[in-house]
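Here is the structure we will look at.
FYI, side chains are in, hydrogens and waters are out, and symmetry mates aren't considered; it's all heavy atoms of this structure.
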Amino acid sequence: MWLFLTRRFRTWVLLTFLVPLATGLLRRVGQALERRSGPSAVSNGLLRAGELGDRARNTLRGGRRRR
């Protein structure tokens, strides 16, 4: 079924639904890992991946950048 959708629509679905879900999931996993065993390189990396998704979403929406 995925093959019958246009390329533009598939891109829209990925950017609208799947990327925010994935970055939210990465952030939650990073927070849970940090709560369990304290800050580590893995938990910091997961939290940064979640923040990257938030920044990208705000930039695409035309939001202002925080400094």
Atom pair [atom1] ([X]) and [atom2] ([Y]), whose distance is rounded to the nearest 0.5 Å:
X     : Y     : atom1 : atom2 : result
Leu47 : Arg27 : CG    : CZ    : 8.5 Å
Glu51 : Leu26 : CD    : CG    : 12.0 Å
Leu25 : Leu46 : CG    : CG    : 9.0 Å

Subject >> ring pair (Phe, Tyr, Trp, His ring centres under 6.0 Å): pairs with one or both residues in residues 10-49, sequence neighbours excluded >> reply: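 Ring pair (Phe, Tyr, Trp, His ring centres under 6.0 Å) check on residues 10-49 returns Phe9-Trp12, Trp12-Phe17.
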**OP:** Verify side chain to side chain contact (heavy atoms under 4.5 Å, CB included) between Leu33 and Val42, making sure each step is shown before the conclusion.
**Re:** CA-CA 8 Å; Leu33 185 62; Val42 175; 3.7 Å; yes
Original post:
Are Asn44 and Glu34 side-chain neighbours, meaning at least one heavy-atom pair lies under 4.5 Å?
Top reply: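 Yes, their side chains come closer than 4.5 Å.
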**OP:** Give the minimum heavy-atom separation between Gly38 and Ser43, together with the two atoms involved.
**Re:**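 Residues Gly38 and Ser43, closest heavy atoms: O-OG, 4.1 Å.
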**OP:** Give a yes or no answer on whether the side chain of Thr23 reaches the backbone of Pro20 with a donor-acceptor pair at less than 3.5 Å.
**Re:**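 Answer holds: yes.
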